[in-house]
Amino acid sequence: MEIAGLASYGVFFLSLVGIYAIMALGLNMQWGMTGQFNIGIAGFFAVGAYTTAILTSSPADGRVGGFDLPFFVGLIGSVTACVPIAWVVGRITAKLRTDYLAIATIGIAEIIRLFFVNESWLSNGTRGIAGIETPFGMGNEGYLLVIGSFVALTWVLLEIARRSPWGRVLRAIRDNEAATEAAGKDVARFRLQAFVVGCCIMALGGGLYAHFVNFVSPEAFRPLYGTFLVWVMLIAGGSGNNLGAMLGALVVWLIWSSTEMLAGLVPTALIGSESAFRVFLIGVLLLIILVSRPQGLLPEKQPPMPGERSK
Amino acid sequence: MIEFIQLLMNGILLGSILALGAVGATMIFGVLRFAHFAHGDFMAIGAYFALTVVTVFNLPVLAALPVAMVLTAGLAIAIDQVVYRRIRRVQPVILLIASFATALVLRSFIQMVWGSSNQVYQTGIQMPMNFGPFTFKPDHLLIFGAAAVLVVAVHLFLSRTKMGKAMRAMSDNMDLALVTGIPANRVIIWTWAIGGSLAAAAGVFLGMDTRLHPVMGWTLLLPIFAATILGGIGRPYGAILGGLVIGCAMELSTLVIPGAYKPAVAFAIMVATLVFRPQGIIKGNA
């Protein structure tokens, strides 16, 4: 491959890694820090992507929207649209057990996808919405910098949150809910806050994604890409560790991309379908990680307490 | 009125398929304490096992059913021994993630082996039977009859055999059951055997009613969990009742809202249950 081709592939690769890293950071807020099992990532991702698509694309026949608004308005819209949905789901499930949250979030994600498939007046149905511009007329290289700054910003904010008293309460809830309750903390409220913040970060990822691929359709928000890969990333990278979440995004996306080459090497007669083979490999990989190294590549480290020197 | 009754019939049919899936899911939930996200994919792989038997040996579907049930039960036990058994002692949520991964592995495996297009057990159109204004496919009666037989068999197993009683005891009160010396490992293996074989049966019936597709089970996962929660976690009888209620509600909902939102109906009932009566109709151990 020529240098230019390689560089443009690198830009493409890193942009997707960045978008996934943001979603993995959002999941880490919920699962890694608070112990909330959200498998509806794809739903919040879709809300973010569609909101910015509707706000920033040009007007089109047969559907609402196309308001031609600027990039940042679209992103703010993505995050804002996610708040009421996440709040309602979180409100209903905040007091429930992990399993129920899992089932409820996957239900929400499926319903959001059904909604975008069926409500053509809003989403243009299965044809999707095209013409979502990359902001400021910049190319992919420039947009990579935008994505990179959002990853850095999200990471810094989440690190601050993690070291704050708020983050300590979340970890306390995760590790021992009864004791936290006994210490007088409103467990349900803290959970709800963490859930909504995490979902908004996922919606931000969705907004950035829409401007990267310039097109959204319900296909992109199936549980596999939207939810499953993010989970593999966080678990492989190390849940509870924000650096781990980002490292996981890089490593897993690298593996996911290389399974494409691997699948190309194996004769189709043996594997039937190439895309199915890749999913199979990544599923087996997750099972191996779970069985052999459930703490991930970078295990969680407790942040120092105030006044304590960091190790 | 006629439309209502016809939809109710369809609902009972869908409900019996859901019930068979939900009995296994609720027992696994009760005995192993985690929501088994690969349960729908057990249904799908069971349906495809039957498809292979039907095409290779040229047998009728109902003759392939027991083979598919045994194979799926074996697969369920094997997956438990290779994957779930090793992580039972860590947090239950790790099991949940693992079952999510298992679901994808099974689904992609089906796509690799059997392809991802729609398939049917029998080609050609079945002559519908008319009872007054109502129409049935003969398959519907077969499905309903076979599902009833299986439900009775499960009932007899749970109420008459030592293993069935042990399973219910473990699901009711794990600590008490273990103290009284119930062989936990054997109960777990039996739970997977029952859950896997019933899921396979549900998958075969679903394939007879509609068609086979790699995601056929996954799309029913939400209604199955809804039936499980509605019936009360760990309650096999509740799961049967829950399955019928959810199935009927999903079909009847098409009178008022577009059919595409059927899964949303199951979801709404589930959320209402969680909010107003989290223990389910028959008090479960939520």
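Small disclaimer: the values here were computed from a predicted structure and weren't measured. In what follows, chains are A, B, ... by sequence order, proteins preceding strands, each numbered from 1. Just the heavy atoms: all of them, side chains too, but no hydrogens, waters or symmetry mates, feed the values below.
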**Asked** Hey, is CZ on A:R174 packed in by over 12 heavy atoms from elsewhere, all under 6.0 Å?
**Response** yes
**Item:** Side-chain touch A:F37/B:I97, heavy atoms, less than 4.5 angstrom
**Value:** yes
**Fill in**
Cut-off 4.5 Å, heavy atoms of chain A, and the answer for B:V275 is side chain
**Item:** Greatest number of heavy atom pairs closer than 4.5 Å to chain B - which of A:V117, A:I111, A:V232, A:I282
**Value:** A:I111
**Message:** Counting C-beta onward and ignoring hydrogens, is there a side-chain heavy-atom pair between A:L114 and B:P263 closer than 4.5 Å?
**Reply:** yes
**Asked** Which answer fits B:I229, side chain, backbone, both or neither, if we ask what part of it has an atom under 4.5 Å from a heavy atom of chain A?
**Response** side chain
**Request:** Check whether B:W218 gets within reach of chain A through its side chain, its backbone, both or neither, counting any heavy atom under 4.5 Å.
**Result:** side chain
**Message:** At a 4.5 Å cut-off on heavy atoms, which part of B:F225 comes close to chain A: side chain, backbone, both, or neither?
**Reply:** side chain
**Message:** When you compare the side chain of A:Y100 with that of B:T273, does any pair of heavy atoms fall below 4.5 Å?
**Reply:** no
**Fill in**
Turns out that what part of B:L222 lies under 4.5 Å from chain A's heavy atoms comes down to side chain
**Prompt:** Quick one: what part of B:F29 sits under 4.5 Å from any heavy atom of chain A, side chain, backbone, both or neither?
**Reply:** side chain
**Message:** Go through it in stages, so that I can follow the logic: the residues are A:L287 and B:V82, the test is side chain to side chain contact (heavy atoms under 4.5 Å, CB included), and I'd like the CA-CA distance, side-chain angles, deciding distance and then a yes or no.
**Reply:** CA-CA 10 Å; A:L287 286 175; B:V82 175; over 6 Å; no
